[in-house]
Amino acid sequence: MSPYLLDSAMAATAAGVALWSVYQDGTPRPWWVYLLAAATALPLPWRRLRPLTVLALATAPSLVISIVAHSANPQVPLSGVVALYTVAERASERARWSVLAVVVVGNVVGTHSPNGALFSLVTSVGTFVFGSLVRAQRQLARIQAERAREAGERAASDAARAVAEERARIAREMHDILAHAVSLMVIQAEAGPVVVRSDPDRAIRTFDTIADAGRDAMVQLRRVLGVLKDPDAGRQLAPQPRLAEVADMAERVRGAGLRVELELPEETDALPADLEAAAYRIVQEALTNTVKHSGADRAVVRVRRAGEVLEVVVSDNGRGVPPTADRTVAGRTRAGRSVGGWSGGRGLVGVRERAAACGGRAEAGPGPAGRGFVVSARLPLAAGATVEREGG
């Protein structure tokens with residue numbers, strides 16, 4: 001039922017009660033007294049739209065009856081109670097308290113008998129208090145609904161942010177996998193025809209390295225794409241390479257003609273899986289850029305624990321950084337050219353992001369005396385810890 005129909009039914013009921021109260025008095029009354037009694041209820045269908053106006057229109061006929069016909073009608077008819085309740089529930093704060101003051105004064109001053117004054121006063125104040133309680137409950141319900149809406153929006157925003165972060169993570173994983181594998185495959189493919197006649201054994205090893213790099217990339221890509229195919233699979237399907245696999249990576253890089261010296265911690269079982277994955281990817285990106293850009297023939301990979309920090313250092317003996325270059329972690333000069341043969345694109349930025357995601361930091365720059373290039377990262381072992389900058 002609509003509010004208007006409900007209020008119309010309430011008005012009809014209030015009119016019937018008012019007419020009965022005049023009739024049961026036992027004193028013969030002229031027709032206009034009955035008309036005024038019914039008129040007290042006529043404005044009620046519009047009480048929600050104009051509560052103050054309806055209260056005034058509902059009480060005015062009652063006042064006329066009280067003055068002219070004396071006790072023909074109670075001082076507070078049912079229509080007046082409903083109108084006063086509506087004012088207490090819906091009107092502004094200033095209007096509510098002003099109406100209450102007028103009603104209290106009117107009941108005390110305008111009632112002839114003490115019992116009548118007490119009855120009218122209790123009825124009016126009780127109605128006002130009840131309307132105020134309903135008003136407070138509805139305000140509380142609105143506040144709770146607004147909080148629930150905001151919580152839903154925050155949850156949706158967090159979900160969207162989580163999706164964006166996961167997409168960015170997958171993009172980084174695919175970049176690292178493909179960049180490393182394709183770089184090795186291209187270099188080996190270019191070297192294969194050169195030695196296929198002069199050194200067949202080396203050519204065979206070259207093609208084996210290409211096949212191994214391709215197979216490894218396919219395995220890792222399947223694990224990454226499995227997350228996209230099965231949204232319920234979660235992060236457990238995402239590739240989580242371990243530090244122990246760095247040795248296999250180094251062996252593949254050696255097949256590309258780069259001598260790799262490797263130093264890994266003896267025990268890696270106690271290391272967090274995400275920390276090992278970050279260290280693996282940092283080493284992979286550093287070696288990939290060394291193979292692609294540096295012109296080096298030797299690289300050194302050192303991964304070791306230093307207290308509560310995992311240190312990752314990858315250095316090479318390549319071209320290094322020109323003295324005039326602007327040496328930044330992003331690996332670019334002010335003109336946007338690559339530094340020391342290293343790409344200033346996603347590679348080093350990805351290294352920095354991976355370290356920051358673990359609460360650590362990463363740096364890249366020239367080696368001693370400007371020779372070669374060094375990528376280093378410090379990753380805290382404790383969950384939630386951060387690595388402070390030296391001197392900071």
Side-chain angles (χ1 to χ4, degrees), residues 169 172-173 175-177 179-181 183-184 212-213 216 220 238-256 258-294 296-318 329 331 340 342 347-368 371-390:
R169 186 190 65 83
R172 287 196 301 269
E173 295 288 348
H175 167 270
D176 291 346
I177 294 168
H180 179 73
S183 297
L184 292 182
D212 291 342
D216 180 70
Q220 295 193 58
Q240 293 294 327
R242 310 302 295 260
L243 275 177
E245 300 176 34
V246 172
D248 296 332
M249 183 208 318
E251 189 61 32
R252 290 193 297 270
V253 174
R254 291 188 187 105
L258 180 67
R259 291 184 292 115
V260 179
E261 296 181 10
L262 192 61
E263 178 185 326
L264 297 176
E266 295 181 359
E267 296 182 1
T268 61
D269 294 340
L271 296 178
D274 59 338
L275 201 68
E276 289 196 58
Y280 179 94
R281 294 302 184 194
I282 290 171
V283 173
Q284 184 182 55
E285 183 61 39
L287 289 179
T288 299
N289 280 278
T290 297
V291 170
K292 289 171 61 177
H293 305 296
S294 71
D297 60 6
R298 176 176 173 270
V300 178
V301 178
R302 290 190 175 91
V303 182
R304 60 185 179 182
R305 294 184 61 164
E308 293 302 313
V309 174
L310 185 69
E311 294 183 346
V312 181
V313 179
V314 181
S315 59
D316 62 55
N317 62 348
V329 172
W342 273 60
L348 289 177
V349 174
V351 168
R352 181 177 55 190
E353 290 177 350
R354 289 184 182 280
C358 297
R361 61 185 179 90
E363 297 177 350
R371 297 177 181 176
F373 203 79
V374 179
V375 176
S376 63
R378 291 171 55 83
L379 311 176
L381 298 178
T386 57
V387 175
E388 299 293 337
R389 292 189 177 274
E390 296 178 2

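The figures that follow rest on heavy atoms only: side chains count, while hydrogens, waters and symmetry mates do not.
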Shortest non-hydrogen contact from Cys358 toward Ala278
SG-CB, 3.6 Å
Atom CD of Glu308 and atom CG of Leu310: how far apart are they, to the nearest 0.5 Å?
11.0 Å
Just verifying a value: how many Å separate Arg281 CZ and Met249 CE, rounded to the nearest 0.5 Å?
8.0 Å
Say whether, by atom type as modelled, one donor and one acceptor occur between the side chain of Arg254 and the main chain of Val260 under 3.5 angstrom.
yes
If you apply the rule side chain to side chain contact (heavy atoms under 4.5 Å, CB included), what do you find for Arg354 with Leu379, and how did you get there?
CA-CA 10 Å; Arg354 289 184 182 280; Leu379 311 176; over 6 Å; no
Which heavy atom in Ala296 sits nearest to a heavy atom in Asn317, and how many Å separate them?
CB-OD1, 3.2 Å
Heavy atoms of Leu275 and Pro380 approach each other most closely as CD1-O, 3.6 Å
So which heavy atom on Arg242 is nearest to which on Tyr280, and how close?
O-CD1, 3.5 Å
Looking only at heavy atoms, the pair that brings Asp297 and Leu258 closest together is C-CD1, 3.4 Å
Electrostatic pair Arg302:Glu311 at N-O distance under 4.0 angstrom
no
Heavy atoms of Ala377 and Ile282 approach each other most closely as CB-CD1, 3.9 Å
Exam field: side chain Glu276 to backbone Leu243, donor-acceptor pair closer than 3.5 Å:
yes
From CG (Leu287) to CZ (Arg252), nearest 0.5 Å
10.5 Å
Stepwise side chain to side chain contact (heavy atoms under 4.5 Å, CB included) test for Val303 and Val246:
CA-CA 10 Å; Val303 182; Val246 172; 5.8 Å; no
